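Worksheet: one structure, shown below.
Remember, it's a predicted structure, so these values are computed and weren't measured experimentally.
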Amino acid sequence: MATFYVLPPRECLERAVTDLFAKLLPGLPLPVDAWGLLADQLGAAGGWNPDVFLVPRDELADGDTAGALADGYGAEAGDRVVEVSLARPSRAWALQQPDVSGAAVAR
């Protein structure tokens, strides 16, 4: 089973990484896609399972998160979804079987 971390929009992630590194390493420039590079390095160094996916919110179609993950990323019933917010606690749930319309349903 896969785990999908639905993160804040990429712009928020880039800003957070830029702010952090500006404090840690003032004056040093960051690559344009600092968030993407950092996520790749963390995944490799942390030995994350290859079935862990980091999905910025703005890469999903508006509306139903479960359906967007199924349509855009191949999420299936039983996969775990962790919705991350900078403003509130994370929310985790599992995808259920698709309903009659074909969209995956959240539990």
So, do [X] and [Y] sit near enough that their side-chain heavy atoms are less than 4.5 Å apart?
{"X": "L42", "Y": "W48", "value": "yes"}
{"X": "E83", "Y": "R57", "value": "yes"}
{"X": "V52", "Y": "F4", "value": "no"}
{"X": "L60", "Y": "V55", "value": "yes"}
{"X": "V82", "Y": "V6", "value": "no"}
{"X": "L54", "Y": "W35", "value": "yes"}

Under 3.5 Å, is there a donor-acceptor pair between the side chain of D79 and the main chain of A2?
yes

Where is the tightest heavy-atom contact between [X] and [Y], given as atom of each residue plus distance?
{"X": "E14", "Y": "A34", "result": "OE1-N, 3.5 Å"}
{"X": "P9", "Y": "P56", "result": "C-CB, 4.4 Å"}
{"X": "A75", "Y": "L95", "result": "CB-CD1, 3.3 Å"}

Between V81 and the options F53, Y5, W93, the side chain to side chain contact (heavy atoms under 4.5 Å, CB included) test singles out W93

Carboxylate-amine/guanidinium proximity below 4.0 Å for D51 and R80
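Looking at R80 together with D51, the answer is no, because their closest N to O distance does not fall below 4.0 Å.
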
Any donor-acceptor pair under 3.5 Å linking the side-chain atoms of E59 with those of Y73?
yes

Between S85 and R88, is any side-chain donor less than 3.5 angstrom from a side-chain acceptor?
yes

Single-linkage hydrophobic cluster, 4.5 Å side-chain cutoff, [X] and [Y] together:
{"X": "L37", "Y": "L13", "result": "no"}
{"X": "L24", "Y": "L30", "result": "yes"}
{"X": "V32", "Y": "V17", "result": "no"}

Distance in Å, F21 CZ paired with L38 CG, rounded so as to fall on 0.5 Å steps
5.5 Å

Is the number of heavy atoms from other residues, nucleotides or ligands within 6.0 Å of CG (D62) greater than 12?
no

